[in-house]
Amino acid sequence: MGEPGSRVPLGPPEVTEGDIEAVVRVLRTTRLSRGEAAREFERGVARAVGVEHALAVNSGTSGLHVALRALGIGAGDEVVTTPYSFVASANVLLYEDAVPVFCDVDPVDLNLDPERVEAAITGRTRGILPVHVYGRPVDMGPLREIARRHGLVLLEDACEALGSERDGVRAGAMGDVGVLSFYPNKQITTGEGGVVTTDSAELHCRMVALRNQGRVPTATGGFDQEELGFSYRLPEMSCALGASQLERLQAVVERRAEIAAAYDRRLREVAELVLPELEVPNGRISWFAYVVRLAPELPAGLRDEVIARMEAADIESRPYFLPIHLQPLYRRRFGYRGGEFPNAERAGRRCIALPFFNRITPAQIDRVCRALVTAIRDR
Ligand SMILES: *Cc1c(COP(=O)(O)O)cnc(C)c1O
């Protein structure tokens, strides 16, 4: 089955000749940081998301970090968040000695379950940090209402969700601050990079300083260091790549929805799989990944075998996500032993992310689906 030289990768970036020219154009100047490309990229993201301000930083994680610092969330503060996410969304809380208070996810859409959030709030809670998992937009209405009632900030991890929308609001514009990532496997890439979005001029201004050591421009063209910040600037080459990629955002979102629909058509009748729903109420999914789950009747242990058999057929797939609270660091630090968040854990044991990228061909989708079904049934 392994046709040599025809590996199907998990999620390679799409880089066009136009993208390459945009990066090379920057390299021919002497301005490689803090220049016009950054301003153009920031304006483009602000427009695409529908917010007043956007701040380019060198990763999504850096973006979450400056946002937390600017929001004043610090030592001992509790933030209610999801265990079913990439580790970055909780790690940034540890950077600030804040405490991630995990809440289980909805068993179907795998996003933070608003019904459980309120019960997790204590006198030390300062914020809620939802994640649009795999690009599926969270139903923010109930979370916004809880945040308002308890005076909490809403920090939106939209790192997987550029282009998603719910109730007419786009991902990145749903909270007090939103964060996008442009890592190479995301919908659009800058190599490494992130953007922090907000409507608050005050927060934006503070984050501009935090990105650059905590320094604030003075009237005479210099800087005064007002507080301790970071070195989180995004190079001009990356900003130019991002601005160029951003021009095709809509086409990318549409293309990825088509790929998800193609997988759905091929796998719908496979009783051994639970597929992601193609729609969300009053919303649009910008697909980051296409993740199926083994049906409850199958032994969870089969998952790793399926991934290994796909690998033997030259198809890359991943167990994506292992819940954060089960990571060794979190077990050691917080005493998690498994069993705390059953929905997240069940999904974590049964999920398989399939190859998913703009240029995947119908023949590749067909090969992935055939290999997947064979891997499940050949026992
Ligand atoms: C990609 C991602 C991030 C940020 O990752 P970086 O590699 O730092 O850009 C944060 N949260 C989630 C959920 C992600 O998927």
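Computed from heavy atoms alone, side chains included, the values below leave out hydrogens, waters and symmetry copies. Residues: numbered from 1 along the sequence shown. Indexing begins at 1, ligand by ligand and atom by atom, following the structure's order.
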| request: Record the part of Asp157 in heavy-atom contact with ligand 1 below 4.0 Å; permitted values are side chain, backbone, both and neither. | output: side chain

Which ligand 1 atoms does [X] reach within 4.0 Å, using its non-hydrogen atoms?
X      : result
Ser181 : 1 (C), 4 (C), 5 (O), 6 (P), 9 (O)
Thr61  : 4 (C), 5 (O), 6 (P), 8 (O)
Ala88  : 10 (C)
Val131 : 13 (C)

Among all protein heavy atoms in this structure, tell me which lies nearest to [atom], with the distance rounded to 0.1 Å.
atom                    : result
atom 10 (C) of ligand 1 : Cys159 SG, 3.4 Å
atom 7 (O) of ligand 1  : Tyr183 CD1, 3.9 Å
atom 2 (C) of ligand 1  : Lys186 NZ, 2.7 Å
atom 15 (O) of ligand 1 : Glu160 OE2, 2.5 Å

| Thr29 side chain to Val26 main-chain N or O, any donor-acceptor pair under 3.5 Å? | yes

| query | Would you say the side-chain atoms of Arg256 and Asn358 include a donor-acceptor pair closer than 3.5 Å? | reply | yes

| message | Could you tell me if the side chain of Leu154 sits less than 4.5 Å from the side chain of Pro130, heavy atoms only? | response | yes

| query | If Ile, Leu, Val, Met, Phe, Trp and Tyr residues are connected whenever their side-chain heavy atoms lie under 4.5 Å apart, and connections chain through other members, are Phe341 and Val131 in the same group? | reply | yes

| When rounded to the nearest 0.5 angstrom, what distance separates CG in Asp304 from CZ in Arg349? | 12.0 Å

| said: Rounded to the nearest 0.5 Å, what separates atom CD1 in Ile352 from atom CD1 in Ile376? | reply: 6.0 Å

| task | Check the pair Phe182 / Phe41 against ring pair (Phe, Tyr, Trp, His ring centres under 6.0 Å), numbers first and verdict last. | result | CA-CA 12 Å; Phe182 296 90; Phe41 182 46; 5.2 Å; yes

| request: Examine ligand 1 and decide if any of its atoms is less than 4.0 Å from a heavy atom belonging to Ser85. | output: yes

